[in-house]
Amino acid sequence: DAGVIQSPRHEVTEMGQEVTLRCKPISGHNSLFWYRQTMMRGLELLIYFNNNVPIDDSGMPEDRFSAKMPNASFSTLKIQPSEPRDSAVYFCASTARGLAGYEQYFGPGTRLTVT
Amino acid sequence: AQSVTQLGSHVSVSEGALVLLRCNYSSSVPPYLFWYVQYPNQGLQLLLKYTTGATLVKGINGFEAEFKKSETSFHLTKPSAHMSDAAEYFCAVSDRHSGGGADGLTFGKGTHLIIQP
């Protein structure tokens, strides 16, 4: 199994630009999560989907952030317009019904730098 | 609302010594509990988890943790530290939904484990 796949691995962009982060969950997993990691705030849940439906987006910091899951094998997290304070590592994770405790498998992350 | 407290942002032990990383949680219902490890510039890898049943759980790389409901704790231990154990360790909780279904994780701030030769 390829694991959770995220792209790009690194993104450097200028303030005001649109940024799109991509995630492919593990095949057969029906829940997908987006997290953000910063030195100041640690690991935070941004949004998660069950069966492609957004369940909880209360962690999305502002309207500049949006996430979609058009099908079971793909999700995007978009920031428009981006700001320097959005610089962080963004992780995608997935899990499946039947995994005890719904243990989550994490991707390698996308390191975003906004200048 | 859930919360997780990891006591000590940095823990330093000698190679071969006992490793003890502390985690306390608060949750309105008995949660699922997890420990993850993160090596530099990598994603998070599951070390072990508690869901139900035996309160002492064993994980990968010789780690284990004990769920103590009365103390709301889930401390991580390893009898003998290896240099390769140097990493960031995160304790996390998630809710059990009565109707089933996955939930997001609430993480502690992390503990950086340093192994002295």
Side-chain angles (χ1 to χ4, degrees), chain A residues 2-7 9-10 23-26 28-60 67 69 89-111, chain B residues 1-6 9-10 23 25 27 29-55 57 59-60 65 67 74 87-112:
Chain A
V4 176
I5 299 172
Q6 291 187 247
S7 64
R9 292 293 309 276
H10 301 272
C23 176
K24 177 179 170 55
I26 292 172
H29 283 194
N30 66 320
S31 297
L32 183 140
F33 306 80
W34 283 100
Y35 294 89
R36 179 172 68 174
Q37 185 177 33
T38 61
M39 290 292 292
M40 291 295 293
R41 300 175 67 87
L43 278 155
E44 306 172 280
L45 175 68
L46 298 178
I47 185 172
Y48 76 96
F49 299 82
N50 283 343
N51 298 315
N52 312 337
V53 176
I55 302 299
D56 183 357
D57 66 354
S58 60
M60 297 284 262
M69 192 164 186
V89 180
Y90 291 80
F91 289 104
C92 176
S94 69
T95 189
R97 196 192 318 273
L99 287 175
Y102 295 100
E103 65 180 79
Q104 295 180 23
Y105 292 79
F106 282 75
T110 296
R111 182 174 296 276
Chain B
Q2 301 166 314
S3 66
V4 178
T5 301
Q6 291 184 239
S9 59
H10 291 77
C23 173
Y25 69 91
S27 177
V29 296
Y32 296 125
L33 295 160
F34 307 86
W35 275 98
Y36 282 87
V37 61
Q38 184 179 32
Y39 298 99
N41 299 315
Q42 293 187 26
L44 282 75
Q45 180 184 8
L46 181 68
L47 275 178
L48 49 76
K49 64 184 179 185
Y50 171 79
T51 59
T52 188
T55 56
V57 293
I60 62 172
F67 169 58
F74 191 55
E88 192 82 15
Y89 291 80
F90 294 93
C91 182
V93 301
S94 71
D95 264 340
R96 301 169 188 262
H97 287 301
S98 59
D103 197 7
L105 293 170
T106 299
F107 285 91
K109 294 293 187 185
T111 297
H112 186 63

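So you know, we letter chains A, B, ... as the sequences are listed, proteins then strands, and number each from 1.
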| field | Set of side-chain hydrogen bond (donor to acceptor under 3.5 Å, both in side chains) partners for A/K24, sequence neighbours left out | value | none
Rounded to the nearest 0.5 Å, how far apart are [atom1] of [X] and [atom2] of [Y]?
| X | Y | atom1 | atom2 | result |
| --- | --- | --- | --- | --- |
| A/L43 | B/E88 | CG | CD | 9.0 Å |
| A/Y102 | B/T51 | OH | OG1 | 11.5 Å |
| B/N41 | A/H10 | CG | NE2 | 7.0 Å |

| note | Closest heavy-atom pair, B/Y36 versus A/E103, reported as atoms and distance to 0.1 Å, is OH-C, 4.3 Å
| field | Shortest non-hydrogen contact between B/S94 and A/G101, atoms and distance | value | OG-O, 4.4 Å
| message | For chain B, which candidate among A/G42, A/S31, A/P108 shows the most heavy-atom pairs at distances under 4.5 Å? | response | A/P108
| query | Taking the side chain as C-beta and beyond, is there a heavy-atom pair between B/L44 and A/Q104 under 4.5 Å? | reply | no
| query | Does a side-chain heavy-atom distance below 4.5 Å link B/L105 with A/F106? | reply | yes
| field | Part of B/Q45 lying under 4.5 Å from any heavy atom of chain A | value | neither
Less than 4.5 Å to any heavy atom of chain B: does that hold for the side chain of [X], its backbone, both, or neither?
| X | value |
| --- | --- |
| A/Q37 | side chain |
| A/N50 | side chain |
| A/M39 | neither |

| Do B/D103 and A/Y48 pass the side chain to side chain contact (heavy atoms under 4.5 Å, CB included) test, and can you show the C-alpha distance, the side-chain angles, and the key distance before you say yes or no? | CA-CA 8 Å; B/D103 197 7; A/Y48 76 96; 3.0 Å; yes
